[in-house]
Novice: 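What follows is a single structure, and I will ask about it in a moment.
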Amino acid sequence: MSVGRAEPPAHPARPDRPVLRPPKEMPRRRNFGSPAGRIALVHALAHIELNAIDLAWDIIARFAAEDLARAFFNDWVAVAAEEAEHLALLADRLADLGARYGDLPAHDGLWEAATVTADDLLGRLAVVPLVLEARGLDVTPEMAARVERAGDAPTAAILHRIYRDEIGHVAVGLRWFDRLCRARGLVPEEVFHDRVRRCFKGDLKPPFNHAARDAAGFPPHYYEPLAGGLG
Ligand SMILES: [Fe+2]
Ligand SMILES: [Fe+2]
């Protein structure tokens with residue numbers, strides 16, 4: 001397929017449900033031991049994956065006019081396909097648990113990163129794969145372990161699968177971020193610090209999963225200087 005030109009919408013289409021709520025009104029999901037707690041967790045993750053599908057296609061559509069290698073678009077199509085698989089796995093798991101996507105309210109803040117970086121490809125790469133998806137690498141192993149301890153092996157297996165794929169998404173993000181910075185004569189880690197400070201609210205949250213970040217080729221000197229205090 002050739003890469004065409006289109007004006008992507010400011011916001012992706014959304015089903016009538018879930019009802020979207022401001023982040024601070026979202027119930028906390030702490031108790032993975034109860035069936036309701038696990039449904040809430042899987043529902044929240046399904047919502048994140050739906051946004052991840054849209055973010056991958058948005059980067060393709062929104063930056064198609066820039067002079068990018070075809071491999072750039074191929075990489076994000078592959079990411080979008082994996083995000084769709086993640087959503088499908090979670091939606092099937094919700095059905096096993098007697099629920100479906102849309103049953104609970106969901107967080108309406110996930111598109112903000114896209115809006116803030118709509119005119120800035122380096123900002124988009126810094127915030128979406130290298131802050132948000134990398135954060136997923138930090139929190140997913142503990143989440144999988146807790147779900148497993150609660151006796152829910154199928155959900156834990158989905159989390160492990162997502163975790164493996166997301167290492168690849170961070171790697172894709174970093175590869176293009178570095179390549180585009182160097183092509184513009186910029187120092188990647190300096191641009192990363194600048195864009196995260198301008199486009200992302202708050203500090204990065206340690207502890208970082210160095211093993212997973214290293215596996216994605218993402219070195220600590222990019223993210224450590226942006227870390228806030230513990231907790
Ligand atoms: Fe995903
Ligand atoms: Fe991803």
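All ligand and atom numbering here is 1-based and tracks the order in the structure.
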Novice: State plainly whether the residues Arg70 and Asp75 are in salt-bridge range, i.e. N to O under 4.0 Å.
Specialist: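 Asp75 and Arg70: not salt-bridged.
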Novice: Would you say the side chains of His210 and Glu224 form a donor-acceptor pair under 3.5 Å?
Specialist: yes
Novice: Confirm or rule out an N/O/S atom of His86, from backbone or side chain, lying less than 2.8 Å from the Fe ion (ligand 2).
Specialist: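 Within the cut-off used here (under 2.8 Å), His86 places no N, O or S atom near the Fe ion (ligand 2).
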Novice: By atom name, which N, O or S atom belonging to His169 lies closest to the Fe ion (ligand 2)?
Specialist: ND1
Novice: Using the salt bridge (Lys or Arg N to Asp or Glu O under 4.0 Å) rule, take Arg182 and Glu190 through it: C-alpha gap first, then chi angles, then the decisive distance, then the call.
Specialist: CA-CA 11 Å; Arg182 295 216 169 86; Glu190 290 174 11; over 6 Å; no
Novice: How many angstroms lie between OG1 in Thr117 and CZ in Arg195, if you round to the nearest 0.5 Å?
Specialist: 10.5 Å
Novice: Please find the N/O/S atom of Glu83 nearest to the Fe ion (ligand 1) and write down its name.
Specialist: OE1
Novice: Rounding to 10°, state the angle centred on the Fe ion (ligand 1) that links OE1 in Glu49 with OE2 in Glu166.
Specialist: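 Once rounded, the angle between the two atoms at the Fe ion (ligand 1) is 170°.
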Novice: Which atom name would you report as the N, O or S atom of Glu133 nearest the Fe ion (ligand 2)?
Specialist: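 Looking only at N, O and S atoms of Glu133, the one nearest the Fe ion (ligand 2) is named OE2.
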Novice: Distance only, no hydrogens: is a donor on one side chain within 3.5 Å (strictly under) of an acceptor on the other, for Tyr101 and His47?
Specialist: yes
